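All values derive from a computational prediction rather than experimental measurement. Below, read A as the first sequence line, B as the second, and so on, with proteins coming before strands; counting in each chain starts at 1.
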Number of protein chains: 2
Amino acid sequence: MDPHTTVDDAPTGDDVGGELPGRPRRPALSTLQRASAPGSDKPPTIYDVAKAAGVSHQTVTRYLRGYEGIRPATRERVVAALEELDYRPNLTARSLTTGRSHRIGALTHEIDKHGPSNIAQGAAAAARRAGYVLDIFTLDMSDPRSIRDTLKMLRQHDLAGILALTSTDEMTRAIEAAKFTVPVYLGGEPDETPTEHSELTGIGFPALVDHLAGLGHRSFLHIAGPATWPAARNRTQAYEDAVAARGLRSAGVLPGDWTARSGHDAVAALGEDLGATAIVAANDQMALGAMLALRRRGLSVPGDVSVTGVDDIPDAAYFAPPLTTLRVDFAAQGRNIVDGLLAQIDGRPPVRSITPHSELVVRESTGPVPAA
Amino acid sequence: MDPHTTVDDAPTGDDVGGELPGRPRRPALSTLQRASAPGSDKPPTIYDVAKAAGVSHQTVTRYLRGYEGIRPATRERVVAALEELDYRPNLTARSLTTGRSHRIGALTHEIDKHGPSNIAQGAAAAARRAGYVLDIFTLDMSDPRSIRDTLKMLRQHDLAGILALTSTDEMTRAIEAAKFTVPVYLGGEPDETPTEHSELTGIGFPALVDHLAGLGHRSFLHIAGPATWPAARNRTQAYEDAVAARGLRSAGVLPGDWTARSGHDAVAALGEDLGATAIVAANDQMALGAMLALRRRGLSVPGDVSVTGVDDIPDAAYFAPPLTTLRVDFAAQGRNIVDGLLAQIDGRPPVRSITPHSELVVRESTGPVPAA
DNA sequence: TATCGGATTGTTGCCGGTAACATGGCGGTG
DNA sequence: CACCGCCATGTTACCGGCAACAATCCGATA
C-alpha cells in the first residue's frame with residue numbers, strides 16, 4: 001500500500017488515528033487484589049485460578065503443563081478452581097512467552113475450486129485434531145506486489161509453519177523468495193520424478209488407459225491443466241507414460257486451465273478430424289466442457305468419442321452422460337500436507353506418505369470404439 | 001476428548017509430556033545489551049529499533065502508532081532504524097497488550113461446496129483488506145459434542161469476532177448456546193421476513209418465473225434445499241411467492257439436500273405424470289441431477305421439461321444442456337458478512353446492505369412449453 | 001531428635017508491545 | 001532573569017503465561 005517504505009504498517013496502518021484510543025486500562029490494583037470480580041466479563045487467568053485455589057500461579061501453570069510433582073491435595077484444589085472458573089488458557093499469551101504458536105498459515109488461491117477447497121477442508125480438520133488452527137491467506141496470483149505484501153505480512157503473524165495448499169510455480173517462487181524462518185511445506189502435488197509416477201498420481205492413469213484400450217481405443221487426446229501447476233504436469237506426464245507404455249498413440253495434448261470453458265474451447269478448436277476416439281481430460285470440469293463441444297460438433301459421447309476426467313467431483317456422476325473418471329481423495333491430500341508440515345515443525349522425519357487413492361470410476365462417458 | 005472435565009486442555013494437551021521441553025531461553029542479558037546480533041535469527045523488536053535509533057522504545061511505539069508530536073529529526077532516525085532492521089511488529093504481543101486481535105474465526109462446514117467456499121474466499125479477501133486474518137474452524141455437524149468442543153476452543157483463541165460463513169439451524173443454535181463474549185455474525189443468508197423477499201434472495205425468482213411464464217409454462221415443481229438452511233427456506237419461499245403472485249401453479253416442493261444426487265432422486269421418485277412443465281431447483285447441482293433423471297425417464301430438456309437452477313456455478317454453462325439459472329455473487333456475500341462483523345466489532349451501526357445480485361442467466365435448459 | 005535432601009511450592013523476571021506517569025528542555029512572560 | 005507551562009521524550013508498569021531460581025516443607029536417616 002505504501003510503495004516507498006517497507007514498513008507499511010506505520011502511520012498508514014488501520015488502527016492509527018490521531019487519538020490513540022485503546023481500551024481503558026483496568027484501574028491499577030495490586031497484583032493480589034486484581035482478581036476478577038465474579039461477574040467480570042474478562043476471562044479468568046491463572047492468577048484468578050491460583051487465588052481461588054489458594055496456591056501460587058506457578059502451581060497452576062505446572063498443573064496445566066502436566067507436571068507430575070504436585071501433591072494430590074494441592075492438585076485437587078487447583079482442579080476444582082479451574083473447573084469453577086471455567087478457565088481456558090489464553091493462547092496469545094502462551095505463544096508470546098513460549099515462542100511457539102498453534103497457527104498454521106495456509107496459502108491458497110482459487111479456493112473456490114473443487115480440489116483446493118477440499119484440500120483445505122482436509123487440512124483444517126487435520127490441523128485441528130493436532131491442536132492447530134488454519135489461518136487462510138488468499139493470494140492474488142495476478143499481482144506480484146500483492147503476493148509479496150501478503151507473504152511479508154505472514155512474518156508478523158507468528159505462525160508455527162506455512163503451507164501451500166495448492167502449489168503453482170509462481171507460488172513456489174514467491175515463497176522461496178520470501179525466505180521464511182518457519183517451516184514451509186508445499187502441498188498440492190509436488191513434481192514427481194518419473195520413477196515415482198506409478199505410485200503417485202499416476203496410479204490411476206494406467207488403469208484408465210487400460211479401461212479405454214479394453215474398449216478398443218487406440219488413439220487419444222489429452223486436455224491438460226495449466227502448465228504452471230505441478231499437479232497438471234504430473235497428470236499429463238502420467239497420461240503420456242501410460243499411453244506410451246501400452247504402445248498406443250497420443251494424438252495430442254491440448255492446453256486447458258482446469259475450467260469447463262477451456263475444455264470446451266480446446267475441443268471446439270480442433271480440426272474436422274479429431275484423430276482420436278477418446279479424450280482424457282486432466283480434470284472433470286474440462287471433461288464436461290469437452291463433452292459439450294463434442295455434442296455441438298454432432299458427435300455423441302460415448303457413441304462416437306469416449307471422454308474421461310480426473311477428480312470425481314460430486315457432480316460428475318450426474319453429468320450427461322455420467323463421467324468415467326479417476327477419483328482423487330483431496331481431503332486425504334490435505335491431511336497429508338498438514339502431517340508433513342507438523343513433522344517438519346516437530347523435527348520428526350518427513351512422512352511423505354502421499355498416496356492419493358486415485359481410483360478408476362467407470363460410468364457412461366466411455367464406451368466401445370465406434371465401428372468406423 | 002476428555003469427557004469428565006471441561007478443562008480438556010490440561011494433562012491431555014498435545015504439548016504435555018513429562019519433559020516440559022520449551023525452547024531454550026535466550027541467555028539472560030540486561031535489557032540494554034540484548035540487542036539482536038546482526039545475524040540473529042530472531043526478528044527485531046522495538047527495543048532493537050530503539051537502540052539503533054538512539055531513542056527509547058516508547059518513541060518507536062509512538063511513531064508506529066502514528067503519534068504526531070515527534071520532532072522531525074527524531075522521527076527520521078526512527079524511520080531509518082525501522083527500515084534498516086526491516087522491523088515488523090509482533091502481532092501476538094500487540095494483541096496481548098491491547099486486548100484486541102485481528103483474527104476472525106470463521107465457522108464453516110461443507111466448505112467443499114460451491115457456495116460456502118466462495119463465501120469463504122470473499123470473506124478472506126475482505127478480512128485481509130481490513131487487516132484481519134480468517135481462522136477457519138470446520139464444524140462436524142454430525143457430532144454435537146465435537147461442535148461444543150470446537151466452539152469452546154474458540155474462546156481461548158482471542159478472536160476479534162466470530163462469523164458463520166454459512167448458517168444452518170443447528171449451527172445457529174450451537175452458537176447461541178456457546179454464549180460468546182465477542183461479536184458473532186451469522187452469515188450465509190439470514191431468514192428473511194416476507195416483505196424483504198423481493199429485495200433479497202427473492203430478487204431473481206420473479207425474473208425467473210417471468211421467464212418461464214413467458215415461455216408458456218403454467219405449472220412448476222420446486223426442488224428445495226435442506227430445510228435447516230435459512231438459505232434454502234428463503235429460496236423456497238421466494239419461489240412460492242413468485243409463482244403465487246403470478247397466479248401460476250406450484251405442483252409441489254420436493255425435498256433435496258443441495259446435491260445432484262438428491263435432485264436426481266427427487267425427480268426419479270415422481271409418478272408417471274410430473275404435473276409440471278418446468279422444474280425450478282434451489283441450486284445448480286440439484287438441477288443437474290434433475291436433468292439426468294428426466295433424461296432417464298425419456299424426457300428431453302428443454303423439449304419436454306424446462307429446468308432451472310440457482311447459483312450459476314462455473315460448470316452450469318457447460319451442462320447438457322447449459323443451465324438457465326440465477327447467478328449469485330457469493331464472494332460479495334462473503335465480503336458483506338465480514339463488513340457486518342467488522343461494523344459490529346468497531347461499534348459502528350450495522351451495515352446490512354446485503355444485496356446478493358441475483359441475476360437471471362438464460363441458457364438452453366429452458367424452452368417453450370411443449371405443444372401437448 | 002537434629003540434620004539432610006529431595007519433593008513441593010513460591011518469587012522474580014521475561015516475552016514484545018502499549019499506556020500511564022515522570023522528567024528534561026525549550027520558549028514565553030512578568 | 002526567574003518562573004511557568006507545554007512539548008518531546010524517557011521510565012515504569014502491565015497484559016497472561018512460562019521458566020529459572022529461591023524458599024519452604026516433609027520424611028527419612030543418623
Side-chain angles (χ1 to χ4, degrees), chain A residues 9 15-16 19-32 34 36 42-50 53-75 77-78 87-101 156 158, chain B residues 9 15-16 19-32 34 36 42-50 53-75 77-78 87-101 156 158:
Chain A
D9 188 63
D15 54 357
V16 171
E19 291 297 61
L20 291 183
R23 61 145 184 201
R25 291 298 267 205
R26 129 195 327 188
L29 295 177
S30 93
T31 299
L32 275 180
R34 70 169 171 157
S36 64
K42 284 200 184 317
T45 71
I46 49 169
Y47 294 93
D48 299 323
V49 173
V55 299
S56 85
H57 64 103
Q58 186 55 235
T59 301
V60 178
T61 282
R62 290 200 180 97
Y63 171 74
L64 293 174
R65 308 282 345 249
Y67 179 66
E68 300 290 341
I70 302 180
R71 203 170 310 164
T74 311
R75 167 182 299 258
R77 297 217 308 282
V78 172
Y87 170 82
R88 311 243 108 203
N90 177 325
L91 295 184
T92 300
R94 181 177 283 179
S95 303
L96 180 60
T97 190
T98 60
R100 307 179 47 132
S101 93
Q156 42 187 315
D158 108 304
Chain B
D9 187 64
D15 54 356
V16 172
E19 291 298 60
L20 290 184
R23 61 139 187 210
R25 290 298 269 202
R26 134 196 322 190
L29 296 177
S30 93
T31 299
L32 276 180
R34 72 172 168 151
S36 65
K42 285 201 184 316
T45 72
I46 49 168
Y47 293 93
D48 300 323
V49 174
V55 298
S56 82
H57 65 106
Q58 186 55 234
T59 301
V60 178
T61 282
R62 289 198 181 98
Y63 170 75
L64 292 173
R65 309 276 352 244
Y67 179 66
E68 301 288 343
I70 303 180
R71 204 171 309 167
T74 311
R75 166 181 299 255
R77 297 217 308 282
V78 172
Y87 170 82
R88 308 245 109 203
N90 177 324
L91 297 183
T92 301
R94 182 177 283 178
S95 300
L96 179 60
T97 191
T98 59
R100 306 179 49 135
S101 93
Q156 42 185 317
D158 101 314

### Message
In whole Å, I'd like the distance from the CZ atom of B/Arg71 to the P atom of D/dC6.
### Response
18 Å
### Value in whole Å for how far the P atom of D/dG17 lies from CD of B/Gln156
10 Å
#### Entry: Distance test, side-chain N/O of B/Tyr67 to OP1/OP2 of D/dC7, below 4.0 Å
no
### Query
The side chain of B/His57 lies closest to which of these nucleotides: D/dT12, D/dT9, C/dG10?
D/dT12
### Query
To the nearest angstrom, how far is B/Arg77 atom CZ from D/dA8 atom P?
15 Å
### Task
Give the intermediate values and the outcome of side chain to side chain contact (heavy atoms under 4.5 Å, CB included) for residues B/Val55 and B/Val78.
CA-CA 8 Å; B/Val55 298; B/Val78 172; 4.1 Å; yes
### Message
Using OP1 and OP2 only, check whether a side-chain N or O of B/Thr59 sits under 4.0 Å from D/dG10.
### Response
yes
#### Entry: Short side-chain N/O contact from A/Thr61 to OP1 or OP2 of D/dC18, under 4.0 Å
yes
### Task
Looking only at side-chain atoms of A/Tyr47, point me to the closest of D/dG10, C/dG13, C/dG17.
C/dG13
#### Entry: Atom-pair distance (CG on B/Leu91; P on C/dC15), nearest Å
18 Å
### Side chain of A/Ile46 - closest among C/dT18, D/dA20, D/dC18
D/dC18
### Query
Between A/Tyr63 and C/dT9, is there a side-chain N or O to OP1/OP2 distance below 4.0 Å?
no
### Query
Between the base of D/dG17 and the side chain of A/Thr97, is there a donor-acceptor distance below 3.5 Å?
yes
### Message
Give me the atom names and distance for the closest heavy-atom approach of B/Arg75 to B/Glu68.
### Response
NH2-O, 3.7 Å
#### Entry: Spacing of A/Arg100 atom CZ relative to D/dA19 atom C1', expressed in whole Å
15 Å
### Nucleotide nearest B/Arg94 when distance is taken to its side chain, options D/dG16, C/dT9, C/dT18
C/dT18
#### Entry: d(NZ, B/Lys42; C1', C/dC15) in whole Å
10 Å
### Query
Between atom CG of B/Leu96 and atom CG of B/Leu91, what is the distance when rounded to the nearest 0.5 Å?
12.5 Å
### Query
Does the side chain to side chain contact (heavy atoms under 4.5 Å, CB included) test come out yes or no for A/Tyr87 and A/Val60, once each step is laid out?
CA-CA 11 Å; A/Tyr87 170 82; A/Val60 178; 5.6 Å; no
### Task
Taking only the side-chain heavy atoms of A/Gln58 (C-beta and beyond), determine which of D/dC18, C/dC21, C/dG17 contains the nearest atom.
D/dC18
### Query
Minimum heavy-atom separation for A/Ser95 to A/Ser101, with atom names?
OG-CA, 3.9 Å
## Note on the structure
By nearest-heavy-atom nucleotide on DNA chain D, the more 5' of B/Thr74 and B/Ala93 is B/Thr74
### Query
Distance check: side-chain N/O of A/Arg65 vs OP1/OP2 of D/dG17, anything under 4.0 Å?
no
## Note on the structure
From CD1 of B/Ile70 across to P of D/dC7 the rounded distance in Å is 15 Å
## Note on the structure
When rounded to whole Å, the CG to P distance for the pair B/Leu96 and C/dA19 reads 13 Å
